[in-house]
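In what follows, chains carry the letters A, B, and so on, assigned in the order in which the sequence lines appear, proteins first and then strands, with residues in each chain numbered from 1. Bear in mind that the values here come from a model prediction, so they are computed numbers and not experimental data.
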Number of protein chains: 2
Amino acid sequence: MSATIKDVAKAANVSPSTVSRVIADHPKISDETKKRVLAAMKKLNYHPNAIARSLANKSTKTLGLLLPNTDEDLFNNPFFTQAMRGISIYAQKKGYYIMYSYSNNEAQEIEFIKRYIHSKWVDGIILLSAKQEDQCIEYLKNIHYPFVVVGRPKDTHSVLWVDNDNFQAMYNVVTSLIERGYRDIAFIGGPQSFIVTNDRLEGYKRALQGRGIEVDENYILTSEFSEQGGYEGAKKIIEYKVPEAIVTTDDLIAFGVLKAIKENDKQKIAVIGFNNTFLAPYQSPSLSSVDINAEQIGYQAAKLLIDHLEDKEEEEHNKPTHYIVDTKFIERESTKL
Amino acid sequence: MSATIKDVAKAANVSPSTVSRVIADHPKISDETKKRVLAAMKKLNYHPNAIARSLANKSTKTLGLLLPNTDEDLFNNPFFTQAMRGISIYAQKKGYYIMYSYSNNEAQEIEFIKRYIHSKWVDGIILLSAKQEDQCIEYLKNIHYPFVVVGRPKDTHSVLWVDNDNFQAMYNVVTSLIERGYRDIAFIGGPQSFIVTNDRLEGYKRALQGRGIEVDENYILTSEFSEQGGYEGAKKIIEYKVPEAIVTTDDLIAFGVLKAIKENDKQKIAVIGFNNTFLAPYQSPSLSSVDINAEQIGYQAAKLLIDHLEDKEEEEHNKPTHYIVDTKFIERESTKL
DNA sequence: ATGAAAGCGCTAACAC
DNA sequence: GTGTTAGCGCTTTCAT
């Protein structure tokens, strides 16, 4: 039905290869014929068939995005939509398409990865969550398939990744708390299986130690990535010993903490969230949180992968292999009590 | 590098067409050769090249998903991720891939649609938001391209769509409020450019009228799709005349309303959200909300489109052209005061 | 039931 | 600079 390269060739009185050359913006083509071909394209409303190009080029210009295998709440976390938007923005800029699939568990995740790769649908893969023992990373590394992971993997050797400096971010937050006179600071994090949890926990511990405050293991809780987790964690901690501040690894957790605090009438406890989600300003008290710039993370992840893909031929010499996105502490009422 | 259909053919001592037939599960193939071919596939670790198949079949088995052209807050609304998940689930079940793109405005949205269509990347398109005057719908309808829209379009003629019965849902909520003795009920909705806003507003009005309560236009506000909008709207309404209840068209708006109510110390005002987002239970008071089952909406949208695509040949006689997903009122503290 | 051959729409040597 | 030709990996008549 729609015009092909041959139709254009005929209409412009040139050969198909010439048309192909103007599509690819080949240098050695006379302005005159180029003009004629372009005109023929317009006239016939011609658009290159991407499938045919992909087959001939052995490249689809599309990326496969793997959404995390996890429970509902985590996926509802705005982090993912923001990262997806960032990915989409850079991809669009470079003319790449994005496919996504949502998996329920790691086995399924690997299955989808294989499907993407074997079917030749994608040129590269973006992993949207790095766990401590991530089989997807292992698999992709082994077969030397181009991929990037959002979140620092356990072993960064020869893998592209982008993340915040989670250690530093939490370190800074806790240090600033200490400098203002807080000493009894508790920590509630998500599951330990996530690297990000451990990084932030480490930052918390080191900040305390750096100021000569002993780490109290009873002040450290990791649980679900949910308000429920924060709520229950905070109750447990308050029961143990009322702290002056509670730092968390996610706003969702912090929301739960705020609720528990209110119920226990311990309103002087400072609370800090992470990820600066859009509802943080609308808590009462409004929640201080660390903005991790999720959109930028997604953007840089796409950039790392696509740039890597495009530069395949020119030796992969000094290409950066990871990118650290800045965080920013957003102070609100929950730390100004 | 990887095995092609020819390699398999050679290994199994048959012709490529025979291999192709077993891939497509063609009936006229002897069990014996089928077995031999399958064995060869395993041995060579053969996987069909989807691009080549697509080119020959003129069908990619992939769908293009258009994320709404709108401000940040709206996209952060969990509705979209839930719908995306539903879409993904049905698509995966039927072996379809999903591509998404995020657009900033309607012009860009149409541009992406054209790109998807012209490049032949997708077999159909899913629109993730129906506005009153939706140019995308107009465009797709005109060129008779297969698509489905999430949300009831203004003109439903010859378009596939899935939605809640937003009129009925709001009608029921308001009626139940009236039956419990509430009379001064205000309404705060999102932008009027969204059909869903009008449907819910209509349900609100009719419910009042049905019980002989006059509609007070000062009790009706539409604004941004955000907490900010709810917050400011509620303040305005309270200033005008303190209502007994405020119904909203979105939890985000309701969150803002709750905040305004607290600040004004008007805690007896009942509040109802919409979409039953995951944070609704974590407000204080916990927020009563209408669960719209977004995942189901996405699932049914994908189903409608894919089933339509697959049945192209067999006359399109009695195929359903839309689907209504049930809503459910989830009562919490905010309506039990 | 199976094979031969043409074709899907585009690209990339290789010639001139 | 431009045309010719041979694929890319698969499907599908049309034979047999």
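Contact check for B:Y100 versus A:I98: side-chain heavy atoms found under the 4.5 Å cut-off.
For DNA chain C, the span of nucleotides reached by chain B at under 4.0 Å from its heavy atoms goes, 5' to 3', from C:dA1 to C:dG9.
The residue A:K58 sits close only to the backbone: its heavy atoms come under 4.0 Å of sugar-phosphate atoms, none of a base. In this structure, A:T33 reaches the sugar-phosphate backbone alone: every heavy-atom distance under 4.0 Å involves primed, P, OP1 or OP2 atoms, never a base. Among the protein residues, A:L55 comes within range of the nucleic acid bases, having at least one heavy atom under 4.0 Å from a base atom.
Residue pairs meeting the salt bridge (Lys or Arg N to Asp or Glu O under 4.0 Å) criterion with at least one partner in residues 33-47 of chain A, sequence neighbours excluded, are A:D25-A:K34, A:E32-A:R36.
Atoms CD1 and CD1, on A:I113 and A:I117 in that order, are 6.5 Å from each other to the nearest 0.5 Å. In this structure, CG on B:L128 lies 6.0 Å from CG on B:L67, to the nearest 0.5 angstrom.
Between the side chains of A:N45 and A:H47, at least one donor N or O sits under 3.5 Å from an acceptor N or O. A donor-acceptor pair shorter than 3.5 Å cannot be found between the side chains of B:S20 and B:S17.
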In the 5'-to-3' direction, what one-character label does each nucleotide of nucleotides 11-16 of chain D receive under the scheme B = base within less than 4.0 Å of a protein heavy atom, S = sugar-phosphate only, - = no such atom? BBBB--
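Residues A:N49 and B:P27 each lie close to DNA chain C; by heavy-atom proximity, the contact nearer the 5' end of the strand is made by B:P27.
As a whole-Å value, the separation of A:K10 NZ from D:dG3 C1' is 15 Å. Regarding A:H118, its NE2 atom lies at a distance of 16 Å from the C1' atom of D:dG9, rounded to whole Å.
Two rings, from B:Y96 and B:Y90, have their centers 6.0 Å or more apart.
Ring geometry for B:W121 versus A:W121: interplanar angle of 30 to 60°, hence tilted.
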